[in-house]
Amino acid sequence: MELSRRGFLKLSGAGIGVAALAQLGFSTPAFAAAEELRISEAKESTTVCPYCSVGCSAIVSVMDGKVVGLEGLPDSPINQAALCSKGQSIYQVANNDRRLQKVRYRAPGATEWEEKTWEDAIPRIARLIKDTRDATFVETEDVNGSKVTVNRCEGVAQLGGAALDNEECYLISKFARALGIVYLEHQARI
Ligand code: SF4
């Protein structure tokens, strides 16, 4: 029988748990049924912890739009099922009444936020990036009396995040460098 690392940990963990409960006098079939119920009713997917540059992977169980379970991903070569205390709290990003789910905009000088759609926001962001780049682009610099081509965009910074995967980081950094951005940073280093 093919058994993944995760499957092995689940089976061995369930075995140890059932044996321990039996020693304490609990009805083990009832606990085994509860474990089965949790797995069959929740939808599992994988994610990456956003809090630091280690990039630990986790399995998230979701039921009725709420995160009901979180565990480190045993198959991840990075964390091998472990999560630190910050990583164990990432369910709070989803199960959180204060989480913003729509674009909010506050006009210059305004005191109230307005709700906007992505169709409003994306062209506006693109316009501001273009205008800022045009206004702050440095083509050449004087170095020891000679003009040197630098092609730097000094008015825009790019901030990446720890939840981005390799391919996303590649595309974002290529995009930033194509614009001439030199202030390119990672959220976990700040
Ligand atoms: S905060 Fe903890 S769980 Fe999250 S990526 Fe860093 S080490 Fe891993």
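Atoms within a ligand are numbered from 1 in the order they appear, just like the ligands themselves. In this text, all values refer to a predicted model and were calculated from it rather than measured experimentally.
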**Asked** In this structure, are over 12 heavy atoms from other groups packed under 6.0 Å from Tyr170 atom OH?
**Response**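 Incorrect, the count does not exceed 12.
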Notebook entry, point to check: Does atom CG of Asp134 have more than 12 heavy-atom neighbours, drawn from other residues, nucleotides or ligands, at distances under 6.0 Å?
Noted result: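 Buried by this count: over 12 neighbours within 6.0 Å.
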Go through it in stages, so that I can follow the logic: the residues are Ser57 and Ile78, the test is side chain to side chain contact (heavy atoms under 4.5 Å, CB included), and I'd like the CA-CA distance, side-chain angles, deciding distance and then a yes or no.
CA-CA 8 Å; Ser57 298; Ile78 295 163; 5.5 Å; no
Worksheet entry | Passing option when Leu100 is tested against Arg98, Lys102, Arg104 for side-chain contact (heavy atoms from CB on, under 4.5 Å) |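 Exactly one pass, corresponding to Arg104.
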| said: Which of the protein's N, O or S atoms come within less than 2.8 Å of atom 2 (Fe) of ligand 1, not counting waters? | reply: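 Listed by chain and number, the atoms are Cys84 SG.
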| field | SB check Arg127 Asp131 (cutoff 4.0 Å) | value |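 Yes, this pair counts.
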- prompt: For ligand 1, which atoms have a heavy atom of Gly55 less than 4.0 angstrom away?
  reply: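 Answer for ligand 1: 5 (S).
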Residues that Glu185 engages under salt bridge (Lys or Arg N to Asp or Glu O under 4.0 Å), provided they are two or more places apart:
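So Glu185 forms a salt bridge (Lys or Arg N to Asp or Glu O under 4.0 Å) with Arg189.
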